[in-house]
**Q** 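Below: one structure in structure tokens.
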Number of protein chains: 2
Amino acid sequence: MSGNAQLAVALHGLTVLTYLGGRVSSSKIAKSINTNPVVVRRVFGKLAESGIVCSSTGKNGGFALAREAGEIRVSEVFKALETRTFTVHSNDRNQACMVSCGIKPALNGLFAEADQVLFQEFEKTSLADFATRVSKLADEEHRAVMTRD
Amino acid sequence: MSGNAQLAVALHGLTVLTYLGGRVSSSKIAKSINTNPVVVRRVFGKLAESGIVCSSTGKNGGFALAREAGEIRVSEVFKALETRTFTVHSNDRNQACMVSCGIKPALNGLFAEADQVLFQEFEKTSLADFATRVSKLADEEHRAVMTRD
DNA sequence: TTTTCTGTAACCAACGCAGTTACCGTTTCG
DNA sequence: CGAAACGGTAACTGCGTTGGTTACAGAAAA
């Protein structure tokens, strides 16, 4: 449990939605991830705010993809979670030092570009693409288990 | 103070080294960052292991760039710190669920590609480039302070 | 009206990280 | 030689983030 696993949880849950189709309850999603339903609801709450999924309360409620899986990009999910990838140290600046005065805007610029590049990378992959990869790798995983002595 | 600020601390300290030249003590670097010398030594210890800086103990000791600032890339610094950008959730898999079985290798692949892209982005900038940016931004910062009413 | 959902608050435990103190070994310099 | 000035490291603290959990209110379907 180091770092932020919310993107992993989100993609896991969304892949479940992609495969099952229609409404799926947080409890069902949680069983696949092996976690608590509230954890799923926390993450999927953000996804709902960003229009990636729809939620409905009440009996037979749950979450559903707001669009087709081919129309949802990993970059959207990434952005929805507002994962902080880099952090600028929050120490006060030493006014006697030139470096100390210019470092923060410089770091902010560098990190902003890096975030932009990450976003572009994630833009390449749709949820449908990712789900396909998951199933292929699940097959390989399964075969590996079968042939193990 | 959320996330990992070690990359920020490293780049800050390295920029100080670039400007001052020669050996600089952890105590002096720490004053620019406004932090404790041990924090600097922890980060610079990793940089020394990766051959980015040299350290020498004893009187008049300290840290110095191992190469010219133009020959050191931010990507090297990034790699030296082994900052974990993304995390795969560590929950056990639900063997009854196909998604649960294939998700981890799929996420590992996705995140590895993302890390690769980040590395390539950081490869574009040398320490000398970065230091130049810092000084320009320090000037602007200074001017902003001067004209403030 | 009962059941089954989400939404949310509240709390706990685990973890990572910055900060700090302290001490050892090493190197320079008087 | 001995004092002074370094880095390396261990140990401890405090704080913030996060995941897990329980509990409960409100909503919707049966």
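Below, chain A is the first sequence line, B the second, and so on; all start at residue 1. As the structure is a computational prediction, the values presented were derived from the model and not from experiment. For the numbers below, each heavy atom of this structure counts, side chains included, while hydrogens, waters and symmetry mates do not.
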**Q** Taking side chain as C-beta onward, heavy atoms only, is A:Leu7 less than 4.5 Å from B:Phe111?
**A**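 Yes, side chains in contact.
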**Q** For A:Ala131 and A:Tyr19, which heavy atoms make the closest approach, and how far apart are they?
**A**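 In terms of heavy atoms, the two residues are closest at O-OH, 2.8 Å.
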**Q** Whole Å only: how far is the CZ atom of B:Arg84 from the P atom of C:dC15?
**A**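 It is 15 Å, rounded to the nearest whole Å.
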**Q** Do B:Asn34 and A:Ser100 have side-chain atoms, one donor and one acceptor, less than 3.5 Å apart?
**A**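 Distance-only check fails for B:Asn34 and A:Ser100.
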**Q** Quick check on C:dG16: is either OP1 or OP2 less than 4.0 Å from any side-chain nitrogen or oxygen of B:Gln6?
**A**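 No, no such contact exists.
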**Q** So do B:Gln6 and B:Lys46 actually touch side chain to side chain, heavy atoms under 4.5 Å?
**A**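 Yes, their side chains come closer than 4.5 Å.
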**Q** Taking atom P of C:dT4 as reference, at what distance in whole Å does atom CZ of A:Phe63 sit?
**A**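 Distance, rounded to whole Å: 18 Å.
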**Q** Does a side-chain N or O from B:Asn91 land closer than 4.0 Å to OP1 or OP2 of D:dG20, or not?
**A**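 Looking at the OP1 and OP2 atoms of D:dG20, one of them is under 4.0 Å from a side-chain N or O of B:Asn91.
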**Q** Does A:Asn4 make a side-chain N or O approach to OP1 or OP2 of D:dT18 shorter than 4.0 Å?
**A**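 Yes, A:Asn4 has a side-chain N/O under 4.0 Å of OP1/OP2 on D:dT18.
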**Q** Ignoring hydrogens and geometry beyond distance, is a side-chain donor-acceptor pair present between B:Thr132 and B:Asp129 at under 3.5 Å?
**A**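 On atom types as modelled, these side chains do not qualify, holding no pair under 3.5 Å.
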**Q** Are B:Leu81 and B:Val43 close enough that some pair of their side-chain heavy atoms sits under 4.5 Å apart?
**A**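 Answer yes - side chains close enough.
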**Q** Please list, in numerical order, the residues of residues 40-62 of chain A that have a heavy atom closer than 4.0 Å to any atom of DNA chain D.
**A**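 Contacting residues: A:Arg42, A:Thr57, A:Gly58, A:Lys59, A:Asn60.
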**Q** Send over the distance from A:His12 NE2 to D:dG19 P, rounded to a whole Å.
**A**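 Atom-to-atom, A:His12 to D:dG19, this comes out as 15 Å.
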**Q** How would you list all residue pairs meeting salt bridge (Lys or Arg N to Asp or Glu O under 4.0 Å) that involve residues 19-40 of chain A, not counting sequence neighbours?
**A**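 Sorted pair list comes back empty.
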**Q** Among residues 20-38 of chain B, which ones have heavy-atom contacts with DNA chain C below 4.0 Å?
**A**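 Listed by number, they are B:Thr35, B:Asn36, B:Val38.
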**Q** I'd like to check B:Arg67 versus B:Glu76 (side-chain heavy atoms, cut-off strictly below 4.5 Å). Are they in contact?
**A**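 Counting from C-beta outward, B:Arg67 and B:Glu76 do come under 4.5 Å.
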